[in-house]
Chemist: 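Sharing a structure with you now.
Everything numeric here is computed off the predicted structure, so don't read it as measured data. Order of listing sets the numbers, starting from 1, for every ligand and every atom in it.
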Amino acid sequence: MVRLNANYYKLAAGYLFPEITRRTKKFLEQNPDVKLMKLGIGNTTEPLTKTVIEGLHQGVKKLANVETYTGYGEYHGEMPIRTALQSFYKKRNVDIDVEEFFVSDGAKPDSGNIQSIFCTDSKVAVQDPAYPVYVDTNVIAGRSGEFNEDKKLYEGIYYMPCTENNGFIPDPPCEKMDLIYLCSPNNPTGAVATKKQLKRFVDYAIAHQALIIFDAAYSAFIRDPDLPRSIYEVDDAKKCAIEINSFSKSSGFTGVRLGWTIVPFALAIENVNAGDVHKFWMRRQSTFFNGPSNIIQEGGVAALSDQGWKECQQLVDYYMNNAQTILEGLSRMGLTAYGGVNAPYVWLKTPNQMSSWDFFNKLLSETHVVGTPGSGFGPSGEGFFRLSAFGHADDIQRAVQSIQDNLRL
Ligand SMILES: *Cc1c(COP(=O)(O)O)cnc(C)c1O
């Protein structure tokens, strides 16, 4: 008899984004003339840059010619994209072997799939709040108990609270964990870990034979030159950390699809030889994945070229201007907000200790702006609200203006 994977039943029913869609739709049914302004989902809106488009065209052209046509390629990406990534890291004084890169169809699949090479009874720690993929994929894999409706968390998962008190960067766990997910710059809080803060996690991981899964999808948004863009800027991180990154947010590849994961050969975990984690991930990828698209890889190489990256940085600047617009608007109103300086998310403290969902309703009905309730990212997100800087600048300005004019505090 075929049975479903019962772990799916554990996934919390009111999943964040469908619930936002449901409430938004209901509001529009009751107020059909309203034009909503969306600062909700972290989706890019600006077109690909000139150099990237040329790279993609180049990729298409190669397929039209028998001399340059390619079929299946390497499971972890062709040499040009891996050497381009190697040079990209070299600029930050980080040395990565070309064979340590696994180029993929994105950071979401990688951050979701990576858990599959670790045993089912691994103990998992996550930042709270966090990008939902880390928790949900571990729930599906059977590494949690049930969802606790009172505490709004899964039993068996270790939550590291990210609060105003710790600047939204948690301390390492106080007990022994196996897999630790870190995201910096952080979605949803916009907080960025310093080298010193990351070093504490690296030291913890080495002392406790744990492994860090570091999601750096927003590294291109860091403006402060002293903040680490890669965990490998921290000594010894290659012994204990996997890094995941993506072209999605830096280069507008959300729909194009290209990302990468670094699994260092030096990674050594409990009872496992150095190199085995790398072998396992290669085995996983070669079994379930046939390599990233050849056309898209050309776009990725173009994005990493000097001119391409300059253009991508202009895209990033565009969104970071939006972040500044949001931050300034909110602070003029006397609201408390975090993030938005080295990350494209603003983490607003709800006024008058409103719950995240109550504030969602208030913002929607009074200002016609849609955002994301912080509680949807974990229990410590309660009382906070995420505003995304992705969007056309004039839409963002209209939204901020509407909040200033119409939000009743
Ligand atoms: C957007 C995002 C990603 C990117 O995922 P892709 O699959 O590469 O589009 C990864 N991690 C976090 C935290 C994100 O917010």
Chemist: Does NZ or CZ of R386 fall inside the cone over Y345's six-membered ring, less than 6.0 Å from its centre and within 45° of the axis?
Modeler: yes

Chemist: What is the distance from atom OG of S104 to atom CD of Q285, rounded to the nearest 0.5 Å?
Modeler: 6.5 Å

Chemist: Which residues pass the side-chain hydrogen bond (donor to acceptor under 3.5 Å, both in side chains) test with S375, sequence neighbours left out?
Modeler: none

Chemist: With a distance cut-off below 6.0 Å to the six-membered ring centre and an angular limit of 45° from the axis, does R284 pair with F288 as a cation-pi contact?
Modeler: yes

Chemist: Salt bridge (Lys or Arg N to Asp or Glu O under 4.0 Å) with K26: which residues, sequence neighbours excluded?
Modeler: none

Chemist: So, using salt bridge (Lys or Arg N to Asp or Glu O under 4.0 Å) as the criterion, who are the partners of K239 when residues are at least two apart?
Modeler: D236

Chemist: Name the residues with a heavy atom less than 4.0 Å from ligand 1?
Modeler: G106, A107, K108, P109, Y131, Y134, C183, N187, D215, A217, Y218, S246, S248, K249, R257

